[in-house]
Amino acid sequence: MRIQVFAILKDFFKKEFELNAKLYTIADLRTHLSLLNPNATPVLNRCRFAVQDEFVTDEYTLTGNEHIVIIPPSSGG
Amino acid sequence: MRIQVFAILKDFFKKEFELNAKLYTIADLRTHLSLLNPNATPVLNRCRFAVQDEFVTDEYTLTGNEHIVIIPPSSGG
Amino acid sequence: MDFITKKEIDLVALLQKSHCPSAGAIVLFSGEVRNHNVGKSVRYLEYEAHASLAAKMIAEILLAARNRWSLSIAHAQHRIGKVKVTESAVVVITASVHRGEAYASNRYIIDRIKHEVPIWKCEHFADGSKEWGGNCNCDKETGDVNKHIYEFESV
Amino acid sequence: MDFITKKEIDLVALLQKSHCPSAGAIVLFSGEVRNHNVGKSVRYLEYEAHASLAAKMIAEILLAARNRWSLSIAHAQHRIGKVKVTESAVVVITASVHRGEAYASNRYIIDRIKHEVPIWKCEHFADGSKEWGGNCNCDKETGDVNKHIYEFESV
């Protein structure tokens, strides 16, 4: 699957990268990325995930062919 | 005293006119103008009065030399 | 400061003057003449003011807003005379560090202007009739022509 | 509709397009870059967006505003890339028959954009440091990154 990250996540991951791990859900993906880069965990825990311009929940089942976008909290204020 | 009226009051009185009646307070003036033109009474009862760009109360004592401005309710909405 | 003006309100110029390095939020309100009111087609409005008192009161209202909120900019201008449909009759511009103050103060200023300041509008309808709009009738509720029920207090 | 744009936001052009014969009230909000934040001097901001999702969400928010209030105009535009002090990063314009709706819907739109839409700002300070602003931390209160505490609900 292809992963794309934004904003502060670019301090922890490449802007866009391929991931070939066997992962079943978005929750798995979150855990996997946390293990790859533990410093990113606090941010990852507050991120939303999107597939094809739709937000998906932690339970969303991955096929392995998705383009997954990881969305940190918005700028707020 | 000199009286100046605005907006809907111009349907009942001249825009500006001299008044020579012996009147002691703004309350007296209001009553006097109501008697001069009873149709104006509902409006007069909702007007504010001002002397030299200051609002004055019903109890304000007239000397007879004032320039008195009569102010219907503002346009609101 | 032309709080009361006979000329067309130059919204663009006023907006362009309102960018301030210390402000993060600008709110501009423009009250414009509608083509309809109370089910009737409107040709134009005519505004009249007790200009000196109105200007003095607008200055006081702007000062009260500055005392109540921390504002980089607080400005208002009301037009008098004939105002055509889609033209601006009144503008209020506020600017502040965060947006909360800019919105709240803007609303406060326009509500107080509309209720308190001696400015009146005469609606000229398409059927040739005209009517002085005496829309502020708060005194019917409050029993006092100096006591108003402001919209900014109930939002 | 350019909801997300790399170009400078043309407030004047947007305002000039917003006069509508049936509307009596226009509210324009401009969120601009301040020269200071959290006590530090700001050189400029850099905004990043997930552009396709952001544009889609802004369209949805504008539609939700139109469904909630009766609006003649509801428009918003957010800039991305480098934005200098006093330049506009985001604009929201609403127009309605009476002013209450124009203010309320304008506030609703900007609050939802700020909390929900995938747009991020990186502050570049005068001292050369930079920081991604993750100001929306409603989830710390609500326990859910999809549940926000909107300012428009508490004014």
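Chain naming here is simple, since letters A, B, ... match the order of the sequence lines and numbering starts at 1 in each.
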Top of C:Ser52, C:Cys122, C:Pro118 for chain B proximity - count of heavy-atom pairs under 4.5 angstrom: C:Ser52

Could you tell me whether [X] atom [atom1] has more than 12 heavy atoms of other residues or ligands within 6.0 Å of it?
X        : atom1 : answer
B:Tyr24  : OH    : no
B:Lys10  : NZ    : yes
C:Lys6   : NZ    : no
C:Glu141 : CD    : no
B:Gln52  : CD    : no

To check you understand the geometry: which heavy-atom pair defines the closest contact between [X] and [Y], and what is its length?
X        : Y        : value
C:Trp132 : B:Asp11  : CD1-OD2, 4.1 Å
B:Ile71  : C:Leu53  : CD1-CD2, 3.4 Å
C:Cys136 : B:Pro73  : O-CB, 3.4 Å
C:Lys56  : B:Asp53  : NZ-O, 2.6 Å
B:Arg48  : C:His115 : NH2-O, 4.4 Å

Less than 4.5 Å to any heavy atom of chain B: does that hold for the side chain of [X], its backbone, both, or neither?
X        : value
C:Val117 : backbone
C:Asn146 : side chain
C:Ala49  : backbone

May I ask you to name which of B:Cys47, B:Ala50, B:Pro72 has the most heavy-atom pairs under 4.5 Å with chain C?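 It is B:Pro72.
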
Does the B:Ser75 side chain pair with the main chain of C:Gly133, one donor and one acceptor, at a distance under 3.5 Å? no

May I ask you to say whether B:Arg46 pairs ionically with C:Asp139, meaning some side-chain N is under 4.0 Å from a carboxylate O?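 C:Asp139 and B:Arg46: salt-bridged.
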
Using non-hydrogen atoms and a 4.5 Å limit, figure out which bit of B:Ala7 sits close to chain C: side chain, backbone, both or neither.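 Answer is both: backbone and side chain atoms of B:Ala7 are under 4.5 Å from chain C.
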
